[in-house]
Amino acid sequence: MIGYILRRFGAAVLVLFAISVLVFLIFFATPGVDPAARIAGKNADPATLEQVRASFGFDQPLPVQYLMMMKHLFVSHDLTSFVNRGTLVIPQIMDAVPVTLSLVVGAAVIWMVLGVAMGTLAGAMRGTLVDPLVMLLGVFGVSLPVYWLGEVVNLVTQKELHDSVFSWVPPLGYVPLSQSPGQWALHLLLPWLTLALLYAGIYARLLRGELIQALNEDYVRTARAKGLSERRILIRHALRCSLIPIVSLFGLDFGALVGGAALLTEVVFGLPGVGKLTYQALQNLDLPVIMGTVLYAAFFVVLANAVVDVLYARLDPRVRRA
Amino acid sequence: MKRNLPIAAGAALLALSVSACSGASSPAAPAGSAGTADSSQTSPAGFQEQHKGGTLRLQAKSGDGTLDPHINYSNGNWQIFQAMYDGLLAFKKVGGEASYDLVPDLAEAMPQVSPDGRSYTFTLRKGVKFAGGGEVTADDVVASFERIYKVSGPTSGTFYAGIVGAAACVKKPKECTLDKGVVADKAKNTVTINLVEPDSEFPLKLALPHAAVLPKDTPDKDQGTKPIGGTGPYMAVSYDPNKELKLVRNPDFTEWSREAQPQGYPDEIVYSYGLTAEAAVTAVQNGQADWVFDPLPADRLSEIGTKYASQAHVNQLSAFWYLPLNTNLAPFDKPEARQALNWAIDRQAVVKMFGGANVAQPACTLLPPGIPGHADFCDFPQPDLAKAKDLVQQSGTAGQEVAVVVSDDEVSKQIGEYVRSTLEQIGYQAKLKVISTNIHFTYIQNDKNKVQVSVSQWYADYPAASDFLHVLLSCASFRAGSDSSINISGYCDKDIDARMAEAMTLDRTDKNAANAKWGEIDRDLTKASPIIPLFTPKQVDFVSSRVGNYQFHKQFFMLVSQLWVK
C-alpha cells in the first residue's frame with residue numbers, strides 16, 4: 001500500500017512539473033508578451049527597459065528564470081504578480097479558495113440531491129410517463145451553457161424583474177460566510193442553482209442508466225426471490241451499486257471545479273474565486289498568477305483522482321480485493 | 001498614452017445626443033482667485049456644504065496595477081490619483097476647456113524661469129501636509145524627483161530625461177542623485193530644477209502623477225498595493241486589485257487652492273473590482289453602484305441613450321484611432337501605396353462601426369481637435385477609389401499580399417475587415433489576422449513580427465503636439481526588435497525630425513508660431529501617410545441617478561472627488 005501511495009505521489013509530482021514547464025514555455029514562446037516591455041510601460045526608454053529587465057531577472061536564461069519562479073513559489077512563498085505589482089500570488093489564491101469552495105460545495109450538494117433524486121425516480125418509474133418527463137428535464141439542464149444561463153438569470157433578477165418579483169436578490173458579488181451566513185447564502189443562491197443545473201442533468205441521466213442495468217442483475221432477482229421489499233431492493237442494493245460510477249465522476253468534476261473550472265459561473269456572477277483569478281491573469285498575461293492558478297488547479301485534479309480511487313474501494317469491495 | 005480597451009460600440013448609440021457634450025452640469029466652475037484661494041470663502045462657485053458626505057461607489061472589471069504614482073501609467077489609476085497626490089504644478093481641476101490650464105499646486109506660484117529656459121524655481125507652499133506625516137518640505141521634492149529614476153519609472157527616460165543628472169540616473173538608478181538637477185534651498189523654501197536643454201513642455205510634465213511629491217522616506221521600490229501617504233483630500237486605506245480600493249478623507253488635508261486641489265464631496269470612495277461591464281451597467285441602473293470605468297457594452301448604449309439619457313455624459317477625448325502602416329515593408333514602403341489607402345478609406349463608415357457620430361468624429365489630421373497645433377485641414381476628405389487604384393498602379397505594388405493585424409474586440413475586428421476589403425478593392429491580395437487584445441499592442445510594435453498594417457489608438461499623455469507627432473513618428477521612437485517601439489510604422493524622416501525639433505524650440509518663445517509649425521508638420525506627415533488617422537473618439541460616462549456635479553476634465557477625465565452623492 002505504501003509503495004502504491006509513493007508511486008502515485010511521484011506520478012503526481014511529475015505531472016505538476018510537466019504542466020509548469022509547459023505553461024512557462026508557452027508563455028515565452030508567444031510573440032508580443034515581453035514582460036519587461038509591459039512592466040516598463042508605454043514608450044519606455046531603452047535604458048529604462050534594460051533596468052526593468054535586469055531587476056526582474058528577465059535577462060537570465062529561461063531555465064534560470066524557471067527555477068527562480070519555482071523558488072519564489074515553493075520555497076520563499078513570495079512570488080509576486082507582474083501586473084499588479086506588490087500583490088503576492090499565494091495569498092491571492094488563498095483568498096480566492098473560500099469563494100470557489102463556497103460556490104462549488106453548495107452547488108455540489110444541490111446537484112447531487114437533485115441528480116440522485118431525478119435519476120432514481122426515472123429509473124424506478126421506468127415505463128411510466130414520469131421517466132421521459134424527468135429525463136427531458138435533465139436534457140434541458142445539460143443543454144443550457146452556464147455562461148448563457150448565468151447572464152439570463154442576471155438579466156431577469158437584476159434588471160427586468162428587479163423592481164418586483166426579485167427585489168430580494170442582492171447585488172452581484174460575494175459576502176464571506178464569517179461576515180454574515182445569511183447574506184453569504186443569499187448571494188450564492190443563484191450561482192449555486194445555475195452551476196448545479198448542468199451537473200444535475202448529467203448525473204440524473206447517468207444514474208438512470210446504471211440503475212436500470214442494476215435492476216436487471218441476478219442479485220436483484222435473488223433479493224426479490226428472498227422476499228425483500230421493492231423499496232429496500234432499490235435503495236440498499238441497486239442504488240448502491242449504481243452510485244459507484246457517479247462517485248468517481250463526482251470526484252473528478254468536484255476536483256476540476258474547485259481547481260477553477262467554475263470560471264464561467266464566477267465571471268458572470270462577479271465572484272472573486274480561483275476561476276475568476278485565472279481569467280483575469282490570462283486577460284492581462286500575468287505569468288506568475290497564471291502559473292500559480294494552473295498548478296493549483298492541476299493539484300486538485302490529481303488529488304481528486306486519488307480520493308476517488310480510495311472511495312471507489314470503499315463502495316465496491318471487488319476493487320479492494322483486486 | 002495607449003488606452004487598453006477601445007470603447008466597444010455597435011451601431012446602436014444614436015440617442016445619446018440628448019446629453020452630448022455635457023461638460024459641467026454644476027453651477028459654473030470654481031472661479032478661483034489665482035492660485036491662492038482661501039478655503040473659508042463660500043461663494044456659489046465654492047464648496048457646497050450641503051452635498052458633502054456619503055460613499056461614492058465606482059466599478060471596474062479589475063484593478064489597474066500598482067498604487068505607486070511614480071510607476072502606474074494607466075488611465076484608471078491616473079484618474080484616481082488626482083484626488084490623492086499633488087505635484088508642484090497641476091492641471092486645473094475643473095471641467096471643460098480650462099482643465100488644460102496649469103496652476104501652481106504644491107508650489108505657491110508658477111515657477112520663475114531663467115532667461116535661457118533651463119532652470120525653473122519654485123517656492124513651496126507652507127503648511128501642506130502628507131497624510132499621516134509631516135509637512136511637505138524641499139527635501140521631499142528632491143527625494144521624489146530622485147525616486148522617479150530609482151524606481152525606473154516608465155517615463156524616467158523620456159518625460160524627465162532632460163533634468164541635469166537624469167541620464168546617469170536612468171542608467172544606474174540605484175546610485176541616482178540629482179544634486180545639480182533638483183536643488184533645494186531650505187532657507188528660502190525653494191526648489192530649483194535645472195534642465196540640460198530648455199523644454200517648453202516641462203511644466204506640463206510636472207503636472208502628471210509621475211512627478212507627484214511623496215514623503216522622502218518612501219522606499220525606493222514599487223510600493224505596489226501598499227498605500228503611500230499623499231497630500232490630496234483622500235488617502236487609500238486598502239487596495240486589493242482583485243477586490244477593491246478604498247479611499248477615505250485625508251485627516252491632514254486642508255484646502256489650499258480650489259483650482260489645484262479642491263476638497264472632495266464624498267466621505268468615502270470605494271472602487272470595487274470584479275463585475276463585467278455588462279453587470280456593472282445594470283448595477284448603476286439599479287442604484288447599486290455610481291459609475292462604471294470600463295467601456296460600456298455596445299448592446300446597452302441605446303438603452304442608456306434613451307431611458308437613462310440624463311445619467312449619460314458624452315465628451316470629446318484628446319485621442320485618435322489610426323492605421324499604422326509599416327514603412328519598412330512592402331507594399332507600404334512606397335509613399336504612393338500609403339496614400340492610396342489614405343484615399344480609399346471611408347472615415348464615415350469607420351465612425352459608424354465605432355458607434356456613430358455621437359461617439360466619434362472622423363479625423364483628417366493626426367493632431368486631434370483641442371491639442372495645440374491642431375490645424376483644420378482635410379487633404380483626404382472623401383474616399384476616392386479611382387485615385388487610390390491609380391496610385392497603387394503607380395507604386396508598382398499591385399497584387400501584393402497584405403495582412404491586416406487587429407485585436408479581437410468587436411470594433412477592431414469590424415474595422416480590420418473593412419480595411420481588408422478596401423485593400424482588395426484597390427488591387428491588393430489582403431487577409432485579416434485577428435490576435436488577442438492582450439498581446440496586440442506589444443505585438444504590432446515589434447518589427448520582428450513583420451506587421452504591415454494594423455489598427456491602434458493613441459491617447460494624449462498631456463496636451464502637446466509632440467506627444468502625438470514626436471512620440472509616434474520620430475526616428476528616436478523606433479527601436480528595432482523591441483516590444484516597446486511606439487513608432488509602429490518604423491517611420492524615420494530626418495527632415496521632419498529636424499522640423500519637429502525646431503517647433504519644440506520655437507514653442508519656448510512663440511507659442512502661436514510653434515503651433516502653426518506643428519500644423520504644417522501634421523499636414524506633411526498626413527500627406528506622407530505613415531499612419532492614417534481614422535477618427536477621434538468620445539468618452540461616454542454613465543452615472544447613477546443620485547450622482548450630481550459631473551465634470552469632465554480633458555486630461556484626467558471625470559473628476560471623481562467632485563461628484564455629489566448627497
Subject >> Residue A:V83 versus chain B: region with a heavy atom under 4.5 Å >> reply: backbone
Subject >> Engaged part of B:F159 at the chain A interface, taking heavy atoms whose separation is under 4.5 Å >> reply: neither
Original post:
Does the distance from a Lys or Arg side-chain N to an Asp or Glu carboxylate O, for B:E146 and B:K150, drop under 4.0 Å?
Top reply: yes
Subject >> Per-residue contact mode, B:Q59 against chain A (heavy atom under 4.5 angstrom) >> reply: neither
Original post:
Does B:G153 offer a backbone N or O that forms a donor-acceptor pair with the side chain of B:H70 under 3.5 Å?
Top reply: no
Subject >> B:S436/B:Y443 under side chain to side chain donor-acceptor pair (under 3.5 Å): CA gap, chis, key distance, verdict >> reply: CA-CA 10 Å; B:S436 163; B:Y443 181 88; over 6 Å; no
Original post:
CZ of A:F166: more than 12 outside heavy atoms within 6.0 angstrom?
Top reply: yes
Subject >> Per-residue contact mode, B:K226 against chain A (heavy atom under 4.5 angstrom) >> reply: neither
Original post:
What part of A:N154 lies closer than 4.5 angstrom to a heavy atom of chain B: side chain, backbone, both or neither?
Top reply: neither
**OP:** Determine the option with the most heavy-atom pairs under 4.5 angstrom with chain B, choosing from A:L282, A:N84, A:L277.
**Re:** A:N84
Subject >> Residue selection (most heavy-atom pairs with chain A, distance under 4.5 Å) from B:A279, B:G274, B:A476 >> reply: B:G274
Subject >> Heavy-atom contact with chain A under 4.5 Å, split by part of B:I71 >> reply: side chain
Original post:
So do B:V170 and B:Y160 actually touch side chain to side chain, heavy atoms under 4.5 Å?
Top reply: no
Original post:
Which bit of B:N438 is near chain A, if near means a heavy-atom gap under 4.5 Å: side chain, backbone, both or neither?
Top reply: both
**OP:** Of all the heavy-atom pairs spanning A:I39 and A:V52, show the shortest one and how long it is.
**Re:** CG2-CG1, 3.7 Å
**OP:** Of all the heavy-atom pairs spanning A:S102 and A:Y174, show the shortest one and how long it is.
**Re:** OG-OH, 3.3 Å
Subject >> Nearest heavy-atom neighbours spanning A:Y296 and A:V258 >> reply: OH-O, 3.2 Å
Subject >> Heavy-atom check, side chain of A:L149 versus side chain of A:L197, under 4.5 Å >> reply: yes
Original post:
Closest heavy-atom contact between A:L172 and A:F269?
Top reply: CB-O, 3.7 Å
**OP:** Please state whether the side chain, the backbone, both or neither of B:S152 comes within less than 4.5 Å of a heavy atom of chain A.
**Re:** both
Subject >> Pairwise side-chain contact, B:N242 with B:S62, heavy-atom cut-off 4.5 Å (strictly under) >> reply: no
Original post:
Taking only heavy atoms into account, what residues of residues 60-76 of chain A are found under 4.5 Å from chain B?
Top reply: none
Original post:
Is the closest basic N to carboxylate O distance between A:R53 and A:D34 below 4.0 Å?
Top reply: yes
Subject >> Part of residues 24-31 of chain A lying next to chain B, heavy-atom separation under 4.5 Å >> reply: A:T30, A:P31
**OP:** Check each atom of A:Q158 against the heavy atoms of chain B and say whether the ones under 4.5 Å are side chain, backbone, both or neither.
**Re:** both
**OP:** With rounding to the nearest 0.5 Å, note down the distance linking CG in B:N487 to SG in B:C475.
**Re:** 8.0 Å
Subject >> Heavy-atom pairs under 4.5 Å with chain B, option from A:E50, A:E266, A:K276 with the top count >> reply: A:K276
Subject >> Portion of B:D222 that has a non-hydrogen atom of chain A nearer than 4.5 angstrom >> reply: side chain
Original post:
Roughly how far apart are A:D163 CG and B:N286 CG, rounded to 0.5 Å?
Top reply: 6.5 Å
**OP:** Decide yes or no for B:R300 and B:Q285: does some side-chain heavy atom of the first lie under 4.5 Å from some side-chain heavy atom of the second?
**Re:** yes
Original post:
What is the minimum heavy-atom distance between B:P154 and A:A40, and which atoms define it?
Top reply: CB-O, 2.9 Å
Original post:
Any idea which of A:A44, A:S81, A:A37 has the most non-hydrogen atom pairs under 4.5 angstrom with chain B?
Top reply: A:A44
Original post:
Would you say B:K205 and B:Y462 make side-chain contact, with heavy atoms under 4.5 Å?
Top reply: yes
**OP:** Name the member of A:L271, A:L285, A:V267, A:L155 that forms the most heavy-atom pairs with chain B at distances under 4.5 Å.
**Re:** A:L285
Subject >> Interface residue of largest heavy-atom contact number with chain B, from A:G270, A:P46, A:G41, under 4.5 Å >> reply: A:P46
Original post:
Side chain, backbone, both or neither: which part of B:N72 has a heavy atom under 4.5 Å from chain A?
Top reply: neither
Original post:
Between B:W78 and B:L208, which heavy-atom pair has the shortest distance, and what is it?
Top reply: CZ3-CD2, 4.0 Å
